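Here's the structure we're looking at; comments come further down.
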Amino acid sequence: MGRDKFQVREFKELLLSLNRVAAKNLITSKFTGDNAFELINEIIAPALESIGDMWSLGQIALSQEYMASKICEEIVEMILPAESPYRKNMPAIGITTLGDEHMLGKRIVTSYLKANGFNVYDYGDMGPDKIGMKVKDDGIEVLMASTLMLNLAFEVKKLRLIFDREGIKTKIIVGGAPFLFDRDLWKEVGADAMAVDAMESVNKIYDVLRYPNEQ
Amino acid sequence: MSSDEITPMERVLTALSHKEPDRVPFFLLLTTQGSKEFNISIEEYFSNPEMVAKAQIRMQQRYGHDCYYPFYYASLELEAWGGNSVFYPDAAPNSGRPIIRDPGDITSLESPDVFGSPQLQKLLKTTSLIKEYTGEDIPIIGVVMSPFALPTMQMGFDHYFDLIYEEPDKFEELMRVNEKFCVQWANAQLESGATAICYFDPVSSSTIIPPELYRKTGFKVAKRTISKIKGPTATHMASGRCLPIIEDIAETGTSIICTSVLEDLAEVKDACKGKLSVMGNLNGIEMRHWSPQETGDKVKEAIQKAASGGGYILSDNHGEIPYTVPSDVLLNISESLRKWGQYPG
């Protein structure tokens, strides 16, 4: 199946109009049992990427990005359940707010990554001290840190120190408001990369792991 | 102040009537910075209303800005609802665990009595102490979280989006309870001496929800609430965009819109012409490491874009200057304002 721009556009429109039922039907009508990644790569991910671009340009609001990611997460859970053997080759991704009770950014990124077939370990608001052990135990290749508060963005510095001290090779990608309002902050705190939104996070994961962006 | 100088109150009122006073008014919205005045922790600082009042007075004397800002921190309101705040050594407190765990909880939710809350009484005490000191010379800016914004702390942003989109009846129920609280809280601050109320409404921003959803939700809530607040209001988007909904914001009855660094100040000023005054939009996050030159450039640029004809107050774009912004930067803002902000420009 090649990428069908019309279908991507149709799916995107259904997501933005919150037509959950029609969006699900569009994907499940094409699902044959073993083509989940094909559907993700050809329809779901491009639609979400386009929605991400619209968010970056200020053309849509955060709530629309959130709802689109959430609907896609539900659809992908149907065609690619967590226990599916097709997920086994995907890198393990961890995610935390590093102590921030504001969970929205984390929730959007989690939904988006799951909608792209990743295995996501949600560490809630776990702080730097505990997370070193968790990423080791879970074999996390990339840790996403999503913060809203400026002071908690600086928790990434502590995380980097712990990773360096313990010889943990897990890459750190940061995101959230402080990083958007200061585009050099991710370097200041010692992250490996910064994603401006959930949609960019997939490319950044492949960048830091030096994988080609293909499943 | 020499006798021929106008007071900050006169300066601000002139600007808000879309005329040019002696210079551009500016608001440094300082909260946690006050703890540095006494070299104590932020938590200890906000436990003492007299100290907060003294710090506001000292900071105004040092930087010469045109307001007092007795606002403590956003989650103070949540404390009145039975929630808690998490304190940090170098930042504003954050709201703790949400108090609404399930939308079903909304049915039994009751608006707390402002006068029965020791937390809110502290802030009212600070406001009245500042009022006692300043009289009518310098505006005192009170703050409320809008009923439409409070649920981000009451239940968490993601669950709140789910509520708005998927449970409209429960959403309306929550708004009614929150509106009652917001009106009482705003009016209590006005009675204690606040000159105006800053209505923090970031969820209404076009960064957060689309304009068509705003018109069905946050707009109606703002219109109902602002009409019951017995004083002037400024609507703050806390770094979010407002341009697509300027006309609607003007219809809510507010007098000022505080915009984001994400928007062009000249465009916002133009869109507000004859309807609203504009406040903003220095980047508080970047401000942490501004050089004197950068500070001057940013202040000059903002003034050039928005100050002509009055109707403009220079401030940061978030409604709160971060704790980590150095005092030197604030002094540089003040100096630059005096250099570039003289009328006629």
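All values reported here derive from a predicted model rather than from experimental measurement. To find a chain, count down the sequence lines: A is the first, B the second, and so on, and within it residues start at 1.
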Exercise. In terms of heavy-atom proximity below 4.5 Å to chain A, should Ile164(B) be classed as side chain, backbone, both, or neither?
Worked result: neither
Exercise. Does Met78(A) CE have over 12 foreign heavy atoms under 6.0 Å away?
Worked result: yes
Exercise. What pairs with Phe11(A) under ring pair (Phe, Tyr, Trp, His ring centres under 6.0 Å), at least two apart in sequence or on another chain?
Worked result: none
Exercise. Using a cut-off of under 4.5 Å for heavy-atom pairs, which of Pro89(B), Gly96(B), Pro322(B), Gly240(B) has the most such pairs with chain A?
Worked result: Gly96(B)
Exercise. Sequence neighbours excluded, which residues qualify as salt bridge (charged side-chain N to carboxylate O under 4.0 Å, His left out) partners of Glu44(B)?
Worked result: none
Problem set entry | Asn39(B) CG: over 12 foreign heavy atoms closer than 6.0 Å | no
Could you list each N or O donor-acceptor pair linking chain B to chain A at a distance under 3.5 Å?
residue, atom, partner, partner atom, Å
Asn94(B), OD1, His102(A), ND1, 3.4
Asn94(B), ND2, Asp100(A), OD1, 3.1
Asp158(B), O, Tyr66(A), OH, 3.3
Asp158(B), OD2, Arg107(A), NH1, 3.2
Asp162(B), OD1, Tyr66(A), OH, 2.7
Asp162(B), OD1, Lys70(A), NZ, 2.8
Asp162(B), OD2, Tyr66(A), OH, 3.2
Tyr165(B), OH, Ser63(A), OG, 2.7
Glu166(B), OE2, Arg20(A), NH1, 3.2
Glu166(B), OE2, Arg20(A), NH2, 3.1
Thr207(B), O, Leu62(A), N, 2.8
Ile208(B), O, Leu62(A), N, 3.4
Ile208(B), O, Ser63(A), N, 2.8
Ile208(B), O, Ser63(A), OG, 3.3
Asn283(B), ND2, Phe181(A), O, 3.0
Arg288(B), NH2, Asp182(A), OD2, 2.8
His289(B), NE2, Asp182(A), OD2, 2.8

Exercise. Where does Leu18(A) contact chain B at under 4.5 Å (heavy atoms): side chain, backbone, both or neither?
Worked result: side chain
Problem set entry | Under the side-chain hydrogen bond (donor to acceptor under 3.5 Å, both in side chains) test, residues paired with Asp270(B) that sit two or more places apart | none
For this session: Answer with side chain, backbone, both or neither: which region of Val86(B) has an atom nearer than 4.5 Å to a non-hydrogen atom of chain A?
Result: neither
For this session: Output the option from Leu185(A), Leu152(A), Ile60(A), Leu148(A) having the highest count of non-hydrogen pairs under 4.5 Å with chain B.
Result: Leu152(A)
